[in-house]
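All residue numbers in this chain count up from 1 along the given sequence.
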Amino acid sequence: MSDRLPVFPLGTVLFPGLVLPLHIFEERYRSLVRELVASPEDGPHEFGVVTLRRGVEAPSPASDDDPEPEVAPVRVEDLYPVGCTAELRQVTELPDGRFDIMTVGRRRFSITDVQQGAEPYLTAAVEWLPDESADEVAAALAPRALAAFRTYLDLLRPDSEVLDAVPGDPTVLSHLIAATAQLTTDERQLLLAAPDTASRLRTELKLLNREAGLLARVRAVPVPLSDLARPASPN
């Protein structure tokens, strides 16, 4: 059976255990935050974060006095099929009624349908994906993935502090790599939807080795890096 979950379509991919701060300005999602805050202490203070395939996140008004921009209805085909719940950890209400919230990714789900209208915010029928536990294969892959990640970070930004505290759990490590490496949205979604930790670590090894190879080749090119720059895409 599926559950119905309030969902927030964004342009980012959330992974279990990772922190996601959000600024809530749309009235429909302000209502959601108020409902979550008012729910019983032992209730689920969480909502789903799903990634948009097309379109962009709702634009913020240019000023506090401007009306909220029109937002087109979201269809199930506009979203990637797998998302992650965001558990509400901290809420700061601003004088104008907006919220700054701090959330942490909790559990993965797949979307079977979306509905807009019964509540002010978007809801989805979801099926929960199994909780992951690292097996012997994942435990064997984790040191290799960590070494590849260190090599990649040293090439990307040698002064990085991402690995000051290395997670010992292979599943947590796999989510950290997926959220931190500079990957496409399609690649992040592939990792989020991986059936198990070992599969995710295998895919990350391939991606990290590919990215490290590209970075190493760029560093070896005897021309100024500014000559290799491409105009930023508005998309």
Side-chain angles (χ1 to χ4, degrees), residues 2-126 128-129 175-176 178-180 183 185 188-189 192-193 234-235:
S2 62
D3 291 332
R4 186 154 290 278
L5 181 73
V7 293
F8 200 154
L10 293 174
T12 189
V13 183
L14 178 62
F15 289 88
L18 274 295
V19 174
L20 177 65
L22 291 170
H23 176 66
I24 308 298
F25 59 89
E26 289 185 71
E27 180 53 41
R28 55 180 174 167
Y29 290 108
R30 293 191 215 179
S31 298
L32 173 58
V33 172
R34 287 192 288 265
E35 288 180 20
L36 291 173
V37 170
S39 63
E41 287 295 327
D42 57 350
H45 296 76
E46 61 182 340
F47 56 92
V49 170
V50 289
T51 308
L52 288 163
R53 284 188 183 275
R54 295 183 293 275
V56 296
E57 299 174 45
S60 176
S63 72
D64 292 345
D65 297 328
D66 289 341
E68 292 183 9
E70 293 278 335
V71 180
V74 176
R75 304 164 298 172
V76 69
E77 57 266 29
D78 296 327
L79 304 169
Y80 283 89
V82 175
C84 179
T85 62
E87 185 177 12
L88 203 59
R89 294 290 182 87
Q90 183 177 334
V91 177
T92 301
E93 185 170 5
L94 305 178
D96 62 0
R98 303 183 188 196
F99 292 96
D100 284 333
I101 65 174
M102 188 67 67
T103 70
V104 175
R106 185 180 175 199
R107 48 181 177 162
R108 301 179 303 148
F109 58 85
S110 62
I111 294 176
T112 59
D113 188 26
V114 296
Q115 181 177 335
Q116 200 156 14
E119 290 88 6
Y121 42 79
L122 188 69
T123 65
V126 303
W128 301 106
L129 298 182
H175 291 150
L176 175 64
T180 306
L183 304 173
T185 300
R188 290 189 197 278
Q189 282 292 150
L192 179 65
N235 299 316

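With sequence neighbours excluded, the residues that form a side chain to side chain contact (heavy atoms under 4.5 Å, CB included) with Arg108 are Pro16, Leu129, Glu132, Leu192, Arg200. With sequence neighbours left out, Leu36 forms a side chain to side chain contact (heavy atoms under 4.5 Å, CB included) with Leu32, Phe47, Leu88. Remark: Pro21 pairs with Val19, Met102 by the side chain to side chain contact (heavy atoms under 4.5 Å, CB included) rule, at least two apart or across chains.
Taking all atoms of both residues into account, the shortest heavy-atom contact from Arg30 to Phe99 is O-CE1, 3.8 Å. Nearest heavy-atom pair across Ile111 and Val114 is CG2-CG1, 4.1 Å. Residues Thr180 and Leu176 share a closest heavy-atom pair of OG1-O, 2.7 Å. The two atoms that bring Gly105 and Leu14 nearest to each other are CA-CD2, 3.8 Å, heavy atoms only. Nearest heavy atom pair, residue Val7 against residue Ala124, reads CG1-CB, 3.9 Å. Residues His23 and Asp100 approach most closely at ND1-OD1, 2.7 Å, considering heavy atoms.
In terms of modelled atom types and a separation under 3.5 Å, the side chain of Gln189 and the main chain of Val82 share a donor-acceptor contact. Distance alone, capped at 3.5 Å, is enough to place a donor-acceptor pair between the Thr112 side chain and the Ala125 backbone. Judged by distance alone, the side chain of Arg98 and the main-chain N or O of Ile24 form no donor-acceptor pair under 3.5 Å.
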Practice task
Take Asp3 and Phe109 through the test side chain to side chain contact (heavy atoms under 4.5 Å, CB included) and record every step on the way to the result.
Solution key: CA-CA 10 Å; Asp3 291 332; Phe109 58 85; over 6 Å; no
Exercise for the section: Evaluate side chain to side chain contact (heavy atoms under 4.5 Å, CB included) for Thr103 paired with Val49, printing each intermediate quantity in order. Expected result: CA-CA 11 Å; Thr103 70; Val49 170; 5.9 Å; no
Practice task
Go through Glu35 and Tyr121 one step at a time and tell me if the side chain to side chain contact (heavy atoms under 4.5 Å, CB included) criterion holds.
Solution key: CA-CA 11 Å; Glu35 288 180 20; Tyr121 42 79; 2.6 Å; yes
Handout entry: Derivation and outcome, side chain to side chain contact (heavy atoms under 4.5 Å, CB included), residues Trp128 and Leu5
Key = CA-CA 11 Å; Trp128 301 106; Leu5 181 73; 4.1 Å; yes
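With contacts defined as side-chain heavy-atom distances shorter than 4.5 Å, the pair Glu46/Cys84 does not qualify. Here the side chains of Leu20 and Leu10 are in contact, with some heavy-atom distance below 4.5 Å. Within the 4.5 Å cutoff, side-chain heavy atoms of Leu122 are placed close to those of Pro9.
Between the side chains of Arg106 and Thr85, not a single donor N or O lies within less than 3.5 Å of an accepting N or O.
Using a 30° and 60° split on the angle between ring planes, His175 and Phe15 fall in the tilted class, from 30° to 60°.
A distance of 12.5 Å separates OG1 of Thr51 from CG of Asp78, quoted to the nearest 0.5 Å. The CG atom of Leu79 sits 6.0 Å away from atom CG of Leu52, with the distance rounded to the nearest 0.5 Å. To the nearest 0.5 angstrom, Glu87 atom CD is 9.5 Å from Arg107 atom CZ.
The existence of a salt bridge linking Glu27 and Arg34 is confirmed by a sub-4.0 Å separation between a basic side-chain nitrogen and an acidic carboxylate oxygen.
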